[in-house]
Amino acid sequence: MSELLHANGIVKRFGSFTALKGVTFRLRAGEIHALMGENGAGKSTLIKVLTGVHEADGGTVTVAGRGIRAASPREAEAAGISTVYQEVNLLPNLSVAENILMGRQPMRGPFIRHGEVKRRARAALARLGLEVDVGALLGSFPVAVQQMTAIARALDQEARVLILDEPTSSLDARESEELFAVMRRLRGEGMGIVFVSHFLDQIYAVSDRITVLRDGALVGTWEAAGLPRLELVSHMIGKEVTASSGDGGVVCGGGAEAFRVEGLERRGVVGPLTFSVAAGEATGLAGLLGSGRTETARMLFGIDGATGGRVKAGGEEVALGSPRAAMAAGLAFCSEDRKVEGIIPSLSVRENIVLAMQASRGVLRRVPRAEQEALAAKFIAALNIRTRGPETPIGTLSGGNQQKCLLARWMAMQPRLLILDEPTRGIDVGAKAEIEALCGELRRAGMSILFISAELEEVVRNCSRVVVLRDRRQAAVLDGPAISLRTIMETVAAS
Amino acid sequence: KPSGSSGGGGGGSTGGKLVVGFSQIGADNPWRTAETESVKAEAAKRGIELKFSDAQGQQEAQISAIRSFIAQGVSAIILAPKVETGWDGILKEVKAAKIPVVLVDRGVTVTDPSLFATLIASDFVAEGRMAGEWLVKKSGGKAGIIQLEGTTGAAPANDRKKGFEAAIAGSPDMKVLASQTGDFKRSDGKNVMEALIKAHGAAITAVYAHNDDMAIGAIQALEAAGRQPGKDVTVVSIDGMGFAFEAIKEGKLNCTVECNPLLGPMAFDAVAKALKGEELPKQLVQEDRLFDETNAPAELPNRKY
Amino acid sequence: MKEIRSTLVWPLVALVVLLVFNAVASPGFFHVEWKDGRLFGTVVDIFNQGARVPMLLALGMTLVIATGGVDLSVGSIMAVSGAVAAMQVNAGASMGQAVAAGLGLATLLGLVNGVLIARVGLQPIIATLVMMVAGRGLAMLLTGSQMVPFANRSLTWLANGSVGGLPVPVVLVLLLAGVTGWLLRRTAAGLFIEATGDNEKASRLAGIQTGGVRLAVYGFSGFCAGLSGVLEAANISAADPARIGDTRELDAIFAVVAGGTALTGGRFSLAGSVVGALLLQTLTLTLYNQNVAPAVAPVPKAVVILAVCLLHSPRLRARFGKRTQSVAA
Amino acid sequence: MATGLVLVALFVAAGAGYENFLSARVVLNLFKDRAFLGVVAVGMTFVILSGGIDLSVGAVMAFTTVFLAKVIGGLGWSAPVAMLAAVGIGVGFGLFQGWVIHYFRIPAFLVTLAGMFLARGMAFVVSPRSVEIRSAFYDDLGERGLPLGEGLLLTVGPLIYLVVVAAGMVVAHGTRFGRNVYALGGNEASAALMGLPVGATRVAVYGVCGGCAALGGVISTLALSSGDPTRGTGLELDAIAAAVIGGTVLTGGRGWVFGTFLGVLILGTIKTILDFDGSLDPAWLRIASGGLLLGFILLQKLIARQRVS
Ligand SMILES: Nc1ncnc2c1ncn2[C@@H]1O[C@H](COP(=O)(O)OP(=O)(O)OP(=O)(O)O)[C@@H](O)[C@H]1O
Ligand SMILES: Nc1ncnc2c1ncn2[C@@H]1O[C@H](COP(=O)(O)OP(=O)(O)OP(=O)(O)O)[C@@H](O)[C@H]1O
Ligand SMILES: [Mg+2]
Ligand SMILES: [Mg+2]
């Protein structure tokens, strides 16, 4: 099979830190090639070197036998490489259609054919099974739609190489399947596809070969069919792993009621919802894309105020008019949109972690520096955050590690109810287990968790109660033994 | 209420009252404020309705104000032009609407002298010259001078500099050590003087400021540096504001050349004549007097501004 | 901390270059003598004149810019507070009362800016533009557009006196800068300001009252401008409502940006701004000292600004082999 | 949208309050008097949309006016050649600023602040005082225009203004360059990752703005037949205000050229109202113009909010 892309001995340094240590990577025509590794292993960095975002400090890249020195994404695109980056890198101030066709708009003389732009955008999204108003601003859509838009943009280019950096991190099963179908078809047409994901199932479902990176170095490349899962994970984390049951089974219900949501709604948007959250247990919110899970969380946390209903804690009604009020009532909310609503990019890891705690204490009672450092050190260790140190700007961390810092921010608050919206988005297998374990600990300490995830297995594994949403309304509340993949799917799908 | 024709045109008046538009450059110094007050007071005295516009230093704003005056159908326009050039077009429009224009402060260069009725002017060059001549006489033709210029590019600054430098050109020992802008401000005058004292030290024997405010600032700086303004440093300025007279009385300022801002009465006299259709001389030059310790104390009680 | 220190280097380098130029071009530049119980010399002037306006304004402006805003109204607020203080002493108030009145009103006007921005949701440039125009009007209204001279010794002392040989404004402003800097780091205010400027949405979701933060920084900027206005009036024993502080907002913004605080908000450096202000003042006095004709003075000014810019340029620094880290957006 | 409504409302209100206000002449004057500002503001809109700012426009305009006066009057160039050269210089100056901003990654604020000083200084070097322009071409052009009846004439300046606005709208909305400007202002990093020509767009935007500033200078000389090195002080603030009032967001990426057009008219209307009133002293005049501006923006916000809900 012909080789499409060959990266040889790539070295990339950020200051004194070496993110890639002589990585070699080959992509054939007509294959789906998975790129695996823990958070911070260097996957995104390798991709950014291939597409000219970062200039390599060493090594060469050849595309279809020709040496290229992609100095910019523009040139990489011209060389036939089309990319979906990990952080959705689109333009929220432009329409969905424009985002898909930016730079490649069909023209009539010097003028853009706007109608044609929309038509092509609609077609590109339709290939992924998505139908939205392509004229609306991208920023008005949730992360998942934005991610689909980014994928549609990449698919619309006539490229020989397609690079997808965690494209499925906020898609649910159905969307992911649509994407895989497209990927398989493109593979059939001879395209080479690089695919990054932390979902092992997905990796094995689509990829032909797997390359593993660890700490910026190449571990090896294998045929997917000949690489057992356990061995793959061992390569990733650099340790022998044996099959372990994991203690992630369903935590049984029966805990005392900690919070009670009564008829909470935001008229025209979501609700009404009525359910209770038990102390020391996780309650899941399940539903399809756009079913209103995020909106429920935002309403609870007082970001978009509720128009009706109430929330009671221990029988007393709590005021949830603003994030601050919600925090005072013991709530914490970790947003799914880490780039826009999560990280403060130029502040350090330490500052990002203590931020919420500091905010709740107020301006005058500064968290002492020693305490800040202890806290940062504790979470860096506990969540295994890959950072050069607590003073590194969070913006320079890998996506998964940023997510861990945000989790740390809210765990440090020791809230009574922790709302996690897609907390494991972009997080590697090892870290997922760590986070689940940590949640377990928090629960045992009496904290309640409201858990939102597109990964139903995760919901099933962690939650003792699941509120199922359909069309922005509460469809059912499943309890304890009633929770299973099948029951949730059935409730979601019922009409 | 009676309304003028929307196409403009002269002779418009409201409620029998004469309406006159006054386009002023700005309100950025006491001299100009005094001028504005004088025009306003005179209008009130004569029962004339005054449409006042403050252009905040922009010629374009003056032009648009005049256009508004035309649209409102005023009977006459008093204009204190920011610069000399650029008035041809708008004054033609005014003329087409048959509205007489009285210029105050300074003239304009126009192709057709009939575009304005008359000019009630101060001659900035002459003011500078008077100050220069006085200083030459006072210092015996030998001085190390600091010149504090007005706002860069402003007509009074340009002209007062020109007049002064012409007056001292004949005396080779009259040396301008430094010439820096104090932006017509007291604070900037003081800041600049503070700096220049350090740079030129004892060589400074005279200060020429383009307005009284900067002179006062310079005096403060000189005193702070242990010099004696009015005695070992001769201080000359222009405008003749009340506080300058007081400074002369205290012996700190040596001389100020008056630039009379009280143009209101003359301006409205001219307006009245122009409206009656009388032919006016093209220029009514204000007589600017010079005050020093000999005649200032006597004048002080008469100062209204 | 390390980054902040490294951003401070470049304005300092520019300042040193300018000082070296002066040392060569005008021999008396560094001459400082003891006269009437105070230090006297060009360098003292740089600090004194620099403290009264650019430094003070830059102090407030730094925090405003750190939140991603800008304050165009500082010049007009200077006029208001100067006028109020002058009128108060003329009406028989003590220096303390007069200054308090001036600063109080100035802070209030700053807070009005803050309300328009944080509560009403106007863009900072527009809200403070309105204040710039209306504030000037207010100052002129209070004074009938006239200069307000006064003869209060203690008020005049504020700008012309000296403490231990140093001009009072220098002592006052450095003290204010020091205390502000210390407070910002002792409390969480500095963190909140930087977080608000860097990512307001995320900060709000983390529980920071970003509205309150913005309100406070505009209030503080008003306070600094007020103090500057009082000192300027005290300096010439008169308040100048129509002209004082005119266009000085640009000086302040320049000082802040030259000092390494990005206009887009986020990380800030008070020390950098102070150095930036000194740089600006040194430049001004250099032009006086070299007797550069006022008409062409803008040209060397432009050259120095460009030079400072180039020193800040990551690209150029990379050329010189300095290691830099870039923060992914 | 809201801006337009507010403008109409203001006009009607003022018409009720002041006689002769609601007339074709007043409307025409609005265009005549603001033509130069309007053109400059269109250029500024592009810069702001790209996430930048240009403080040099007023100084560039001033330089253009004295340059024209000098080369036409002093050196005897033919007026059209001189105008082309002037606009060329403006574009070149803008391109240079854009290049410095982009290549050296220096904040636009600082670069264009330096540009402002530079252009202003050069204007004073060309001529320290205002100069007349005597030229048959200017006299001729002054008489020409689009007759609107009633003896009203839409002169060349306002015509250029309208053409520039129309062209600006088409470019911003309908061309790749225009869309790239929005992309750049929306998120530079994303625009770069999308493979858009970030550098070329940024440099070009400042070129456009410099060209508009120079064109504003040309219009200004057409209206005044003179050059003046002090002209256009504070113009940058007016231009920025016009854009922002018109709905352009200062952080870039959102806004529209037509909004700026309305913003310019709003600023003009406020000024006209104050001129028609004519009874305010300078202090109240400033308070009133600040107050009117604020009232305007608040009203606009209110209407915009009502429409959303
Ligand atoms: N711009 C940057 N500046 C400094 N360090 C960086 C920068 N970008 C990435 N790094 C560092 O390089 C390392 C590799 O990051 P990269 O984003 O490639 O990881 P990844 O494998 O994609 O991880 P994830 O699965 O979390 O997305 C990380 O330690 C990160 O902190
Ligand atoms: N498939 C879709 N098509 C169109 N609009 C969608 C779609 N999905 C979500 N939206 C938009 O998203 C908003 C509600 O989504 P919300 O974030 O509440 O859902 P969610 O259940 O949290 O989904 P997820 O987090 O998986 O994106 C609505 O404004 C809706 O317009
Ligand atoms: Mg990654
Ligand atoms: Mg969601």
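Note that this is a predicted model, so its numbers are computed, not measured.
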Problem - Residue Ile46(C) versus chain B: region with a heavy atom under 4.5 Å - result: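 Answer is neither: Ile46(C) stays 4.5 Å or more from chain B.
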Problem - Structural part of Asn235(C) lying under 4.5 Å from a heavy atom of chain B - result: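 For Asn235(C), the contact with chain B is made by backbone and side chain together.
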Problem - Residues Leu285(C), Glu194(B); criterion side chain to side chain contact (heavy atoms under 4.5 Å, CB included); working and verdict - result: CA-CA 10 Å; Leu285(C) 290 199; Glu194(B) 249 169 30; over 6 Å; no
Problem - Residue among Ala34(B), Ser187(B), Ala224(B), Gly201(B) with most heavy-atom pairs under 4.5 Å to chain C - result: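 Looking at each of Ala34(B), Ser187(B), Ala224(B), Gly201(B) in turn, Ser187(B) comes out on top.
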Handout entry: Residue among Ala178(B), Gly226(B), Ala221(B) with most heavy-atom pairs under 4.5 Å to chain C
Key =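 Winner by heavy-atom pair count: Ala178(B).
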Problem - Pair Arg52(C)-Asn191(B), side-chain donor/acceptor within less than 3.5 Å - result: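 Note: Arg52(C) and Asn191(B) side chains meet the donor-acceptor criterion.
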Handout entry: Toward chain B: residues of residues 140-155 of chain C with heavy atoms under 4.5 Å
Key =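 If one takes a 4.5 Å heavy-atom cut-off, the residues of residues 140-155 of chain C near chain B are Met140(C), Gly144(C), Ser145(C), Gln146(C), Met147(C).
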Which bit of [X] is near chain C, if near means a heavy-atom gap under 4.5 Å: side chain, backbone, both or neither?
X	result
Phe243(B)	neither
Ile216(B)	neither
Asp213(B)	side chain

What's the separation between atom [atom1] in [X] and atom [atom2] in [Y], rounded to the nearest 0.5 Å?
X	Y	atom1	atom2	answer
Gln180(B)	Asn291(C)	CD	CG	5.0 Å
Tyr288(C)	Ile146(B)	OH	CD1	12.5 Å
Asn289(C)	Leu196(B)	CG	CG	7.0 Å
Ser26(C)	His200(B)	OG	NE2	9.5 Å

Exercise for the section: Write down the atom of Ala27(B), the atom of Ala242(C), and the distance for their closest heavy-atom approach. Expected result: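 The pair with the smallest heavy-atom distance is O-CB, 3.4 Å.
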Practice task
Locate the shortest heavy-atom distance separating Asn160(C) from Lys190(B); write the atom from each residue and the value.
Solution key: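 Result for this residue pair: OD1-NZ, 2.8 Å.
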Exercise for the section: Take Lys198(B) and Phe29(C), measure what side chain to side chain contact (heavy atoms under 4.5 Å, CB included) needs, and give me the verdict at the end. Expected result: CA-CA 8 Å; Lys198(B) 270 111 204 171; Phe29(C) 197 84; over 6 Å; no
Handout entry: Leading residue by heavy atom contact count with chain B [cutoff under 4.5 Å; candidates Arg136(C), Glu232(C), Gln49(C), Arg38(C)]
Key =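 If we count pairs closer than 4.5 Å to chain B, Gln49(C) comes out on top.
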Handout entry: Electrostatic pair Asp188(B):Arg243(C) at N-O distance under 4.0 angstrom
Key =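 Here Asp188(B) does not pair with Arg243(C) in a salt bridge, since their nearest N and O are not under 4.0 Å apart.
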Exercise for the section: Inspect the surroundings of CZ in Phe47(C) and state if more than 12 heavy atoms from other residues, nucleotides or ligands are less than 6.0 Å away. Expected result: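 It does not: Phe47(C) CZ has 12 such atoms or fewer within range.
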Problem - Identified side chain to side chain contact (heavy atoms under 4.5 Å, CB included) counterpart of Lys185(B) within the set Ile236(C), Ile244(C), Asp246(C) - result: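 Exactly one option meets the side chain to side chain contact (heavy atoms under 4.5 Å, CB included) with Lys185(B), and it is Asp246(C).
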Exercise for the section: Determine yes or no for a side-chain-to-main-chain donor-acceptor pair under 3.5 angstrom, with Lys35(C) supplying the side chain and Ala225(B) the backbone. Expected result: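 Confirmed, Lys35(C) side chain pairs with Ala225(B) backbone.
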